[in-house]
Peer 1: 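What follows is a single structure, and I will ask about it in a moment.
These numbers come from the heavy atoms of this one structure, side chains and all, not from hydrogens, waters or symmetry mates.
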Amino acid sequence: MSFGPELVWFWRREIEASFCGKRVQRVDGGNNSAIISFGQAELLLSWDSAHCGAAVVSQKERKNFLSSATHMPQITNALRSHLVGAEFFSADQLRRDRILKLSFRKTVGAGFSVVRYVFFELMERFSNLLITDEKGTIIETAKHIHPSDNAFRSILPGLSYSMPPLFEGISLEEWLASPRASEINRIAGFGKKLLGALSEQPLDVSERLLRAFYSSNEADIEFIPQALGNYITVLPGLLPGAARLPKGGSGTAAVLAPLRCAAFDARRKRVLSLLEKEILRRERQRADINALIAGRGAERFKQYGELITANLWQIKPGAREAELSGYSKDGGVYSLSVPLIAGVSPQKCAEIYFSKYKKIRSAAERAAALLPRIEEELAGYAETLEAARAVTDAGSLAMIEEEIGAIKPAAGRKNARTKKKEQLPPHLRFEFDGAIVFAGLSAKGNRYVTFKLANSDDIWFHAEGVPGSHVILRHSAALSAKERGDLLDFCASLAVFYSKAKETSRWRVDYTERKYVSPIRGGVANVTYKEFSSIAGSGAYWREYLEERKKDS
């Protein structure tokens, strides 16, 4: 998403209206962002090259964002030291450019206070955040800019703050005094994409829309947040072809939503990597066990021992190897070059080979006993992997993270009197009129919904032949045939979406009453079932359902 100076001007209005006169209670930092908390509302400032901008966010949004951060920016400590306890008293847009100046006053003694300024430059990959004292001397900055990096200005602690080069153009007031369509694209204080769209409108429409900006009666004008493709702006009217954003949605669309998506994608990538490593590890264990069970090495040691024992009289003392003859199972005679152990008698050498044979066979027997567990774990991780690939919300992903240990518990003093709340296995729950649907999001989640939550007459669903979610449908007998059919389609599509077949247009889903489902070790679904029917499910159906829910919310 991109934006122009007019959106920064609008954010200035929002920030001043939301926080002016309030005191900073805390400052947090995550990745390339800082969050200044004033109580119930928070101010998010992001200098991320792909998602720079400002947004007023809730406490819940702050916690969700910080929980997915991978590091804290260095400037966070300076912001905490100088802003916590300070009163915010003004927000200014400098030179009608994409630069915000936030002013704070902090009492440091009886009748004595200091002023601190936060300069926020919102310029994509050149975005930056810095804090200065009342004289404009830089205290700290998110990005240090050295003379070798920029010949025009340096941004370093101890230097005086200097602004970027001035944008050349005509002022809005100059253009409004004599509106001309040919000069719309030269007006300073607006993004080129917005000016380009306005140049295609009748001149009187463009004049009316632009006159609302930078005016003394701006507080009385209602602006509509809107998107022109990937460009976010605000106007006192909706432009043709623009998509209306929710009230207060300009900061969310430009900053919070992209940051949230980027953080979610990073979290999911980490989860998928952990699951893939566990699957690879167990696949290697399975291959090693199968090789042990095959016992090719063990049989060779046994053969060596038998040939040495049968040909002791032929082996010369001190020989490193001997060509020895023996009989095959079909009675034929064969010869084999047998390696001998230096410094060991042939009889002792045979005993060593027999001992190695017994050890390998014993290890193979122990390994064979482990194989069912390895197969079960492998199938379980495969189910969890497909669920993690399909989840679209942070809550579901957090349940999977908790289960596989991708997130560490918060550090703190343990209280022996406080019992740890039991974490339920990852699963989803959907409530409808006359029906409830459960869906497992991991192997444990699948067992939980199938063998803990489900009643014997509930309907169980699973995508045929692939790892994926177990889906349970519990419905009342009062539903009509159409309502029941719609629920069957919903559950079938849910089972496909949270399976390895999610990208297919249609996939077969088996369903039966829960009482016909029994647990087994191994297998695609770790269950066996009978008395089942089949229905076609579509992952696209579920994706459309999610989109409708987003619109409704």
Side-chain angles (χ1 to χ4, degrees), residues 271-272 275-276 278-287 289-290 371-392 396 400 403-404 425-428 430 437-451 453-454 458-473 485 487-545:
V271 167
L272 295 180
L275 290 170
E276 287 166 352
E278 292 296 335
I279 289 173
L280 180 61
R281 179 181 161 212
R282 279 154 184 78
E283 286 176 340
R284 288 173 175 169
Q285 287 177 328
R286 181 175 62 181
I289 289 173
N290 286 331
L371 188 59
R373 180 173 66 82
I374 298 298
E375 293 281 10
E376 183 178 9
E377 290 177 353
L378 188 58
Y381 278 118
E383 288 178 341
T384 308
L385 177 66
E386 297 310 322
R389 283 175 173 158
V391 293
T392 57
S396 298
I400 297 175
E403 180 178 284
I404 68 174
H427 69 286
L428 299 173
F430 305 90
V437 175
F438 303 100
L441 292 178
S442 70
K444 289 182 180 179
N446 284 341
R447 288 193 290 271
Y448 178 71
V449 301
T450 300
F451 300 112
L453 292 181
D458 290 344
I459 303 176
W460 176 89
F461 297 78
H462 191 274
E464 190 267 335
V466 292
S469 175
H470 294 197
V471 178
I472 300 295
L473 169 61
L487 283 170
L488 291 178
D489 287 338
F490 175 86
C491 293
S493 297
L494 188 60
V496 172
F497 185 82
Y498 288 104
S499 79
K500 199 169 185 176
K502 65 171 292 190
E503 298 301 333
T504 59
S505 57
R506 306 286 284 177
W507 193 267
R508 171 179 155 173
V509 175
D510 295 336
Y511 67 97
T512 184
E513 290 188 3
R514 156 61 190 88
K515 61 187 174 186
Y516 296 124
V517 182
S518 303
I520 60 170
R521 279 200 159 195
V524 172
N526 284 324
V527 295
T528 183
Y529 51 93
K530 59 184 180 179
E531 304 293 332
F532 63 90
S533 301
S534 298
I535 187 175
S538 169
Y541 175 102
W542 177 246
R543 279 187 283 271
E544 291 172 4
Y545 173 81

Peer 1: The test is salt bridge (Lys or Arg N to Asp or Glu O under 4.0 Å); show your working for Glu276 and Arg389 and say whether it passes.
Peer 2: CA-CA 11 Å; Glu276 287 166 352; Arg389 283 175 173 158; 3.4 Å; yes
Peer 1: Please answer whether the main-chain N or O of Ala443 pairs with a side-chain N or O of Thr384 as donor and acceptor at a distance below 3.5 Å.
Peer 2: yes
Peer 1: Would you indicate whether the side-chain heavy atoms of Ile400 and Val271 approach each other to under 4.5 Å?
Peer 2: yes
Peer 1: For Lys530, is there any backbone N or O sitting under 3.5 Å from a side-chain donor or acceptor partner on Thr512?
Peer 2: yes
Peer 1: Is a side-chain N or O of Arg514 found less than 3.5 angstrom from the main chain of Val517, in a donor-acceptor match?
Peer 2: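 Side chain of Arg514 to backbone of Val517: a pair is present.
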Peer 1: Report yes if the side chains of Ile472 and Val437 come closer than 4.5 Å at any heavy-atom pair, otherwise no.
Peer 2: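 With C-beta onward as the side chain, the pair stays apart.
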Peer 1: Going through the distances and angles, do Glu278 and Ile404 end up as a side-chain contact (heavy atoms from CB on, under 4.5 Å)?
Peer 2: CA-CA 10 Å; Glu278 292 296 335; Ile404 68 174; over 6 Å; no
Peer 1: Using the ring pair (Phe, Tyr, Trp, His ring centres under 6.0 Å) criterion, which residues pair with Phe451? Sequence neighbours excluded.
Peer 2: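 Partners of Phe451 under the ring pair (Phe, Tyr, Trp, His ring centres under 6.0 Å) test: none.
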Peer 1: Any heavy-atom pair between the side chains of Val527 and His470 that's under 4.5 Å?
Peer 2: yes
Peer 1: Which value, rounded to the nearest 0.5 Å, describes the distance between Tyr381 atom OH and Arg282 atom CZ?
Peer 2: 4.5 Å
Peer 1: Could you tell me whether Phe461 and Tyr511 have their ring centroids closer than 6.0 angstrom?
Peer 2: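 Yes; Tyr511 has its ring centre under 6.0 Å from that of Phe461.
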Peer 1: Can you list the residues that meet the side-chain contact (heavy atoms from CB on, under 4.5 Å) rule with Ala382, with sequence neighbours excluded?
Peer 2: Pro467
Peer 1: Looking at every heavy atom in both Thr450 and Ala454, which two are closest together, and how far apart are they?
Peer 2: O-CB, 3.4 Å
Peer 1: Nearest 0.5 angstrom please: Glu283 CD to Ile374 CD1, how far?
Peer 2: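 Interatomic distance, Glu283 CD to Ile374 CD1, rounded to 0.5 Å: 11.5 Å.
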Peer 1: For Tyr529 and Trp460, take the angle between the two ring planes, folded into 0 to 90°, and tell me which bin it lands in: parallel under 30, tilted 30 to 60, perpendicular over 60.
Peer 2: tilted
Peer 1: Going by side-chain contact (heavy atoms from CB on, under 4.5 Å), name the residues that satisfy it together with Ala439, two or more places apart in sequence or in a different chain.
Peer 2: Leu428, Ser469, Val471, Leu494
Peer 1: Please evaluate residues Ile279 and Leu378 with respect to the criterion side-chain contact (heavy atoms from CB on, under 4.5 Å), reporting the C-alpha separation (whole Å), side-chain torsions for both, the decisive distance (0.1 Å), and the verdict.
Peer 2: CA-CA 6 Å; Ile279 289 173; Leu378 188 58; 3.7 Å; yes
Peer 1: To the nearest 0.5 Å, what is the distance between CD1 (Ile459) and CG (Leu488)?
Peer 2: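 Atom-to-atom, Ile459:CD1 and Leu488:CG are 5.5 Å apart.
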Peer 1: Please answer whether the main-chain N or O of Gly468 pairs with a side-chain N or O of Asn446 as donor and acceptor at a distance below 3.5 Å.
Peer 2: yes
Peer 1: With sequence neighbours excluded, what pairs up with Glu513 under the salt bridge (charged side-chain N to carboxylate O under 4.0 Å, His left out) test?
Peer 2: Lys515
Peer 1: With rounding to the nearest 0.5 angstrom, report the CZ to NE2 distance, Arg508 to His462.
Peer 2: 12.5 Å
Peer 1: Mind checking ring pair (Phe, Tyr, Trp, His ring centres under 6.0 Å) for Phe438 and listing every partner two or more places apart, or none if nothing turns up?
Peer 2: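 With neighbours one apart ignored, the set is empty.
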Peer 1: Of all residues at least two apart in sequence or in a different chain, which pass the ring pair (Phe, Tyr, Trp, His ring centres under 6.0 Å) check with Phe490?
Peer 2: Phe430, Phe432, Trp542, Tyr545
Peer 1: Tell me, with the steps shown, if Ile289 and Arg286 meet side-chain contact (heavy atoms from CB on, under 4.5 Å).
Peer 2: CA-CA 5 Å; Ile289 289 173; Arg286 181 175 62 181; 5.8 Å; no
